[in-house]
Amino acid sequence: MSELKDAGILVRMAHQAFMNAGIDPTPIYRRCNITAQLLADQRTRTPHHAQTLFWQACEDVTGDPLIGLHLGENTPLFRGQVLEYLFLSSHTFEEGLQRALRYQRLLSDAISGRLETSGDRCALVVAPSTGDAVSIRHLSDSIMLGVIRFFRHVTDGAFTPLAITFSHEGAEDDSEYRRVFGCPVAFGGEADELVFDPAVLSYRSLHAEPELMRAHEQVASEQMARLEKQDVVMAVTRVIGELLDSGQVSLESVAERLDITARTLRSRLAEAETSFNQLLASYRSNLARRLLARTDESIDEIVYLTGFSEPSTFYRAFKRWTDLTPIEYRRSKKRERAAARKVSTKTNSPEATPA
């Protein structure tokens, strides 16, 4: 799998939690580069590693060392997503849970949950899906609370947590955890674990409907297939970056690095509605713009770094991408930065500060 990502619904739910808690998220969003466009995009997926920056910003701005727990209390109920529909249209809570676990990647690439049953003990165990996934205390706290509230919703209040174990070290005083969760809470476990009565597994949904369940599962399968197509695109983009300065970037060389045939790679990219040439051009274009706008690298060096064999070929491609020559583009970005600095200086000057 390529870069681990989380569903955008998590960002939107956090935004609503800020509103419910009366917290102005503007300084948090500024630090994390969260834009209005990102919040509005229903299909966006955010890099999982950004969770570390996000939750640190939340704690710094609010001064709350238990911000994940308290934000979780204000997070809206997880609704209107295909995972909810899978639960409600299944005959029992266990059927719904097992189906949802098959499609859990729709929420996050980085978190893996499983149901464990043994005698009179039943638990949902949640752990990082890979060694690249980061474990974050605030995120674990908020997700655990969200899961419990969601399980209560799909069981019409029948679900009750019996005990919770977190993999993180918690707080010196665990009274706030016990208040929020209403059950014993332990820390320092191998994974996050939610223990509940096995009897709830047989809870029968009042909304069970086999035909709707099959339709919802079809939607979930299609969404999973879309993610898998994105995996191919991300993997190819990553390898292009690794091979670019070697001058050996081709469909064949990338396919060899991914351990598949060139024909298979071409087919998978077609299924993802793109092509190798499109991805290569997009990577080169983005890299060239970034280098021209943010560095003082010479044009000759940028030609080399973007994998072009001749400056003339690079110039023609860049003109096609931007309608500007590389020199014109660099000058325009310098003017934009200078104008932005001028505005910033005016805004921060004593004369601009209200009395």
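Numbers for residues simply follow the sequence, beginning at 1. Basis for what follows: all heavy atoms, side chains included, without hydrogens, waters or symmetry-related copies.
- Under a 3.5 Å cut-off, the side chain of Glu84 and the backbone N or O of Gly80 do form a donor-acceptor pair.
- Looking only at distances, a side-chain donor or acceptor of Asp109 sits under 3.5 Å from a matching main-chain atom of Lys5.
- By the 6.0 Å contact criterion, NZ on Lys334 is open, its count of non-hydrogen atoms from other residues, nucleotides or ligands being 12 or less.
- A salt bridge links Glu73 to Arg179: one of the charged nitrogens lies within less than 4.0 Å of a carboxylate oxygen.
- Using a distance-only test at 3.5 Å, with no hydrogens or angles considered, no donor-acceptor pair links the side chain of Arg238 to the main chain of Val233.
- In this structure, the side chains of Thr35 and Tyr29 stay at 4.5 Å or more apart for every pair of heavy atoms.
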(request) Evaluate the side-chain contact (heavy atoms from CB on, under 4.5 Å) criterion for residues Ser108 and Gln104: first the C-alpha distance (whole Å), next the side-chain angles of each, then the deciding distance (0.1 Å), finally the verdict. (result) CA-CA 7 Å; Ser108 176; Gln104 59 189 298; over 6 Å; no
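- Of the possible polar contacts, none joining the Gln16 side chain to the Met13 backbone as a donor-acceptor pair under 3.5 Å is found.
- Looking at Thr264 and Thr261, their side chains do bring a donor and an acceptor atom within 3.5 Å of each other.
- With sequence neighbours excluded, the residues that form a side chain to side chain contact (heavy atoms under 4.5 Å, CB included) with Asp173 are Ser175.
- Looking at Val11 and Phe54, their side chains never come closer than 4.5 Å, going by heavy atoms from C-beta outward.
- Inter-residue side-chain proximity for Lys229 and Glu273 is flagged as unmet; no heavy-atom pair is nearer than 4.5 Å.
- Under the 4.0 Å criterion applied to side-chain N and carboxylate O atoms, Arg214 and Glu217 are not assigned as salt-bridge partners.
- Applying the ring-ring contact (aromatic ring centres under 6.0 Å, His included) test to residues at least two apart or on different chains, the pairs with a partner in residues 91-127 are Phe87-Phe93, Phe93-Phe151.
- Counting only heavy atoms from C-beta outward, the side chains of Arg266 and Phe276 never approach each other to under 4.5 Å.
- With sequence neighbours excluded, the residues that form a side chain to side chain contact (heavy atoms under 4.5 Å, CB included) with Pro27 are Asp24, Arg30, Val61.
- No side-chain heavy atom of Leu292 sits under 4.5 Å from any side-chain heavy atom of Lys333.
- Leu97 contributes atom CG, which lies 8.0 Å from atom SG of Cys122 (distance to the nearest 0.5 angstrom).
- Here the side chain of Arg45 pairs a donor or acceptor atom with the backbone of Leu106 at under 3.5 angstrom.
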(message) Would Gln51 and His138 count as a side-chain hydrogen bond (donor to acceptor under 3.5 Å, both in side chains) here? Give the steps.
(response) CA-CA 10 Å; Gln51 292 278 1; His138 297 315; over 6 Å; no
(message) One pair to check against salt bridge (Lys or Arg N to Asp or Glu O under 4.0 Å): Arg121 and Glu193. What are the steps and the verdict?
(response) CA-CA 12 Å; Arg121 186 180 186 280; Glu193 188 173 87; 2.4 Å; yes
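- Checked for salt-bridge contact, Asp174 and Arg178 meet the test: a charged N lies under 4.0 Å from a carboxylate O.
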Check residues 158-171 and write down every donor-acceptor pair under 3.5 Å in which the side-chain atom is one partner and the other belongs to a residue at least two apart or another chain.
unit_1	atom_1	unit_2	atom_2	d
Ser167	OG	Asp192	OD1	3.3
His168	ND1	Gly170	N	2.8
His168	NE2	Asp141	OD1	2.8

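- A heavy-atom distance below 4.5 Å is not found between the side chains of Arg330 and Ile327.
- At distances below 3.5 Å, at least one donor-acceptor pair connects side-chain atoms of Thr306 with backbone N or O atoms of Val303.
- Using a 4.5 Å heavy-atom threshold, the side chains of His207 and Ser89 count as separate.
- Remark: Tyr85 engages His216 in a ring-ring contact (aromatic ring centres under 6.0 Å, His included) (not counting sequence neighbours).
- In terms of heavy-atom proximity, Ala17 sits nearest to Pro76 at N-CD, 4.1 Å.
- Ion pairing between Asp231 and Arg105 holds under the 4.0 Å rule for side-chain N and carboxylate O.
- No donor-acceptor pair closer than 3.5 Å links the side chain of Thr322 to the backbone N or O of Lys319.
- Judged purely by atom type and a 3.5 angstrom limit, Glu228 has no side-chain atom pairing as donor or acceptor with the backbone of Ala225.
- Residues Leu83 and Phe150 approach most closely at O-CZ, 4.4 Å, considering heavy atoms.
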(request) Report the C-alpha distance between Trp55 and Glu59 in whole Å, list the side-chain angles of each, state the deciding distance to 0.1 Å, and finish with yes or no for side-chain hydrogen bond (donor to acceptor under 3.5 Å, both in side chains). (result) CA-CA 6 Å; Trp55 286 107; Glu59 182 174 341; over 6 Å; no
(request) Assess whether side-chain hydrogen bond (donor to acceptor under 3.5 Å, both in side chains) is satisfied between Arg99 and Ser90, documenting all intermediate values. (result) CA-CA 9 Å; Arg99 284 195 175 92; Ser90 296; 2.9 Å; yes
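- Residues Glu222 and Arg226 are not paired through a salt bridge, judged by the lack of any N-O separation under 4.0 Å between the basic side chain and the carboxylate.
- Among Leu107, Val154, Val147, the one residue that satisfies the side chain to side chain contact (heavy atoms under 4.5 Å, CB included) test with Phe78 is Leu107.
- Between the side chain of Arg337 and the main chain of Ala293, a donor-acceptor pair closer than 3.5 Å is present.
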(request) Might you work through the side-chain hydrogen bond (donor to acceptor under 3.5 Å, both in side chains) test for Ser285 and Ser282, ending with a clear yes or no? (result) CA-CA 5 Å; Ser285 172; Ser282 177; over 6 Å; no
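- Judged by distance alone, with hydrogens and angles left aside, the side-chain atoms of Ser142 form no donor-acceptor pair with the main-chain N or O of Gly72 at under 3.5 Å.
- Looking at heavy atoms from C-beta onward, Ser267 lies in side-chain contact with Glu271 at the 4.5 angstrom threshold.
- Screening residues 292-312 for ring-ring contact (aromatic ring centres under 6.0 Å, His included), with sequence neighbours left out, gives Phe308-Phe314.
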